Structure formats: structure tokens, C-alpha cells
Amino acid sequence: MTDTVLSDQSIPGQSQGLFRVRQITDNVEARPVPSIATEPKLNPPASRAYFFGLMAPAIALLACISLYPFCWLIYMSLHDVEIGSAVWNNFENFTKLASDSRYLNGWWLLIQYSVMCLALQIGIGVFLAVALNGARFEKILVTTLLMPMMMAPIVAGLVWYFLYNGTFGWYHWLLQSVGILGPKSILASTGTALIGIVIVDVWQWTPLITLITLAGLKRVPQDQLEANMVDGASQVRNFFAITLPNLYPVLVIAVMLRFMDNFRFIDSVLALTGGGPGNATKILPVYLFEVSFKFFKLGRGAAIALTLLVVTIILGMILVRVFDRQQTRKA
Amino acid sequence: MAKVSFRSVWKKYGELAAVKDLNIECADGTFLSILGPSGCGKSSTMRMIAGLEHISAGDILFDDQRINDMAPRDRDVAMVFENYALYPHKTVFENMANPLKLRGQSTDRIRERVNAAANLLEIGQLLRRRPQELSGGQKQRVAIGRAIVREPKLFLFDEPIAHLDAKLRAHMRGEIKHMQRTLGTTMIYVTHDQLEAMSMADLIAVMHDGELQQLGTPREVYNQPVNAWVAGFVGEPAMNFLTCEVQARRDDVLLTHSNFALPLLPQQVQRLNGHAAGPVRMGVRPDGLSITMRKPSEPVITGEIFVNELLGGDMIVDVQLADARIRVKTAPEFEGVPGEACYVTVNREKWHAFDVENGRAFF
């Protein structure tokens, strides 16, 4: 190789004799000329078998605890299931649903219930979060606020059941004495029972929304708020123009968590009304519970559960899509 | 457009004083740069002007109108933030239109102003994009665009080009300076980069530890620093400092060091003002020195080359003296090799002497 010219040269002055330095001299002609790159031969990637080997245990576990029961659900939904027997019934479990008024009513009630719960929880939750954010004693106040969430839903249902009680319920007495309620408990009349269970859900789960929103508020970029202020915005406009858009992603997550809970948590409803009076609070999951475990029609129950699952998945996917769009906008 | 005055302005965070007794007068249309290292109080100063921080004591005036208690939106200033602070959910057009929209301008007027600003900044083709689709330089232009769509009394730029790469930064320096001259609006520009302040500003306010050190034109700040701190902060490579002794000898006054003894110029003797003997800190910039390998006839400093750095058009040579090291700026053709003895001549027009105790400049 003659492309670099090196010359050994000892350094004069004080350091002479102590060490020698290789000095590279200037010589443009002697340097290699850059060549045009040709396509290289690629090194082999890591083996696929290795990847699958690493994932196999997790996949096996998931298959046992989730895939296997799911297959059973589908199997059951297509059969008349009795203890020890399952008879194919030509999709009757599904076709009958269309004419099942309690099934359709269950959907209608579930939608009303979910929408009311979500609207109230988001509204109150965000308001509380904004009020608490940066307040004095914020940590203590938030912890206090979280207490309903720590209660088992069935216990919450029982506690409110007694508070609502028409004879000795304290809230009932309170509402009655200010003239809002008649002598009947809020849970006892078909017109108000649904509102009764919505109030319990809002009481128990609004703190979750507050907590998530508070975390979101901490991440609202201060400089955007300041820029908008200098641009000429008032506090209120600043909230709607900067804070709220920055909260959308966390609110989407909150909505997703809460609507899924509404579609499956029935503990408090069972404790409060058991679906009554009449069918006034028989939201679909409560009806599903009844069909499967009271009347023991496991095949029909499986069919109802499957429709509920499909709707939950579709709604969930829509929300995930919305969330993704929010994220890419933010990035 | 406005004149901006600071009257004994303080900013205190609890016990800590971030800005101490600041007095600046900034005439209408001036490009004022507030220069200092991080933590010197320059950003606090800017935020007080914008109304984002409470003014702890003293007054800030726009054209003799006290603005201490005004809300940010009533102060009629436009600010460019260090990290741009663009609204990610809005397009470039909407970002730039925001200040006009908030002030209730008509749609036609908004479109006209935004397009004018976009043309000036050459970002017309980006108006439909969102901030995350832009490069750093483009974001920075949009942030400036948002500031200039209005005709505010005052521009506040908070290190707007600190995050750009070196080449783009040099380009934007020129652009911002040109833009400010074109619009003629008063500008307050905060930076920690002395090169930015030197190259752009009409007036530089050098701050350190919350205190104003020197207020002057770039030339004044560079050539006649009022104290050793300003002298050391402004200029790249930094000024060389050597602790010397003032000694009177016959009709001359000498500045002596273990490596040299050089006479002061007559006007410099006068500026010493009675400090006829004792230690001073001598300061001289690398461009006030010259280096040779052959011993010249005039009085020189002798040393040994420690290392030399070629910067392309210039060369910086570090010279080891008996008890100190100094940096000399020379031509790239300089052929000294580390370890060799060399001779440094001082341009005595360009040297400075500072009080050892309080750092105050004699000359």
C-alpha cells in the first residue's frame, strides 16, 4: 500500500527523545480516489425460527386461556346445549334473537346507559381534573377522590341500594325532602331506575377519568399555552384551543376503558335492581347473565355473548383508529 | 413599534433573584440582544416583557406606558419560542393565522397577511402541512411567521435558532436581521451565543448572574469590555488572561510577567489612573497576538507550541508559557510544530488590563 505517506519524525524541543510521533504529511495525489459504490452482498438476517421459538410459550399460554374458551363459545352458540349434550340447531340461537324483544330492549338500554355514563363521567371528570390541577393539596384531594374507585362494584351497589331505599335510605330522604322524588325509591319506578344505576356508575368511575385527565394535563405543553396567550387568547379560549386538543388522546383511552366496562360490569346493577323493575334496567349484559345462568340456556347465552363481543370489538377498533390518528397528529 | 424601557426591574423566585435592578432603554426600531450564559436571567427578562411572569419589582414601559399589570394579549407583542411552540393539531396556515383570528380579523385580511408573511419567509408551499411534517428550519420559519403576521409593537425572540444545525443557523442569522430591518419593528432577541448577538444586534445587553454587565453596540462590547467577565464571554476563541505586574521604570510603565516585560502606551498609562504598581489581569484576544518562529527585533513573549488547530481559513495555536497557556490566531500557512520554541508579539493597541479584585477594566 502506498496510498498514505507516513514519515517518522521525532519532535524537537523539550520532548525530544521521550516519544516519537508518526506525522502524516499533506499529499493530495497519494490519497485513494472515491469509487462509485456497487450493490453489496447483504449479510443474512437473524433466523425466523429463533423469533418463533421465543414467542411460542406466550402463544401457547394465550391459546390455552383465551383461544380455547373462545372456540367453545362459538361451538355453543351454534348448538342447543344441555348438561352432557349439544345438538346442532341450524343457527336458531341467532335467528331467534331478531324477534326477542328483551334482547333488543337490552341493546337499547345498554346504549342509553353507556352514553349517559360516559357523557357525565367525561364532563365531570375533566372539570374536576382542571380544577385540581396545580391546586394546593392536589395529592391529598386526588387520593380522597379516588376512594369510590377502590370499592368493589358489588359493595358499591349494595351501599347505594341502602342509600336509595324508600323506607330508610338517606339519599332518598334527602331528595324527597327537597321535593325531587315522590314516595317511591328512585330504583322502584321504571322511569327513573336507569338514572339510579347511572348515578352509581358515575359516582364510582368519574375519579378514574379525573386521574387519567390529570396525567394528560401534566403533559399539555406549557409553551403552546404561553404562545397562544401572547397570540391574544383568553384563559377560556386557551383551554379549548390548546388544552382540550392535547387531552383528546387520553380521553379516547378513557372512553375506551369505560365503555368496555359498561358492556361487561354488571355487579352493581345486579345488586341494585337485578334488572328491574320490570325490564327497566335489564341492559344487555344483565339479560345475558339471566339467559345463561338463571334459565341455563347456554347456547342462546353464547349467541348473545358473541353479538356483544363483536360490537365491543368493532367499537374498540374504531376508538383505536381515532387514537392512532390523534397520535400521528401529535407526533 | 415602540420604545421599551426597563426601570429597576427585579425578578425574584422566592429568595433567589433571577434579575437584579435591570435598567435598559431600547429605542424604537432597535434590535436589542440580551446575551448571557444559561441562568443569567435573560429568559426571565423576556418572559416579564411578554407577561408570562410577574414583574417582582420595578416597571417595564412601552412608549412611556406602564405594562406591568396588562394581560399578555393586551401587550401587543409577538414572541418566538425556543422550541417553536407550534400548535400540532393545526396546519401551518392555521398556526400563522392564529394571532389574527384571536383578534377577530376578517378572513380576507387573514389570508392576505399570512400569504405575505409566508412569501417573506419563503414557506408559501408549506401552508397546508402540519408541524410534524416540517424540518427544524421550516418549523422555525413558521414560528417567526406567526410572529410577523401581525404588526406588533415588539418582537420577542427567545433563542429561536439554537436548535438548528450550524449551517442553517448562520443562514437564519442573516435572514432574521434582514427581516427586522425590513419591518423596522423593535426586536428583543435573547441568546447565549455571543456570535448571534454580535452579528445581528444594534445593541447588546450582556447579563451575568441576573445583573446587567454592559450595554453597548457589538463593537463597543467587543473592543471595550467594561470588565473581565464580559471580555471573557464575548469573542471566540476566548480572550487570553495573564496575571501581570505593573512596574514603573524610568520614563516607561511596564507590564511584566515571567515571560515578558512590555511598556504600556501613554494613553493606557493615563487610564491606569494611579494604579502605578501592583498586579493587574492583562487580557488580549487571540487576534491581538501574532506568532513567528524567528525571533523578531521588537519585544516578544517566548514560549513553546503546545498544539495547533487548523480551522480552514485560520489557525489557532496554543502556546505554552512558563506558567500559563495562551491562544494565538494566525494564518493557516503557519508551519510551527508542537514542541518547537516560538515568539509571540502583542498588538498593544488591542490589549486590556483589568482590576484583579473586581474585574473592572482600566483600558
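In the text below, chain A, chain B and the rest are named by the order of the sequence lines, each starting its count at 1. Please read these numbers as outputs of a predicted model, since none were measured by experiment. Values reported hereafter were calculated over all heavy atoms of this structure, with side chains retained and with hydrogens, waters and symmetry mates removed.
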| message | Tell me whether A/K139 at atom NZ has more than 12 heavy atoms from other residues, nucleotides or ligands lying less than 6.0 Å away. | response |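 For A/K139, atom NZ is not crowded (no more than 12 foreign heavy atoms under 6.0 Å).
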
| task | Using a cut-off of 6.0 Å, state whether more than 12 heavy atoms not belonging to B/Y13 lie near its atom OH. | result | yes

| Looking at B/I305, B/N83, B/V77, which has the largest count of heavy-atom pairs under 4.5 Å with chain A? | B/N83

Between atom [atom1] of [X] and atom [atom2] of [Y], what is the distance when rounded to the nearest 0.5 Å?
X      : Y      : atom1 : atom2 : value
B/K101 : A/R237 : NZ    : CZ    : 7.0 Å
A/D231 : B/N98  : CG    : CG    : 5.0 Å
B/K90  : A/Q224 : NZ    : CD    : 9.5 Å

With a 4.5 Å heavy-atom cut-off, do [X] and [Y] have their side chains touching?
X      : Y      : result
A/M229 : B/L52  : yes
A/E226 : B/P72  : no
A/V230 : B/L156 : no

Which heavy atom of [X] sits nearest to which heavy atom of [Y], and what is that distance?
X      : Y      : result
B/R103 : A/G232 : NH1-CA, 3.6 Å
B/R146 : A/A227 : NH2-CB, 3.6 Å
B/R73  : A/A233 : CD-O, 3.6 Å

| Backbone N or O of A/A241 within a donor-acceptor pair of the B/Y87 side chain at under 3.5 Å? | no

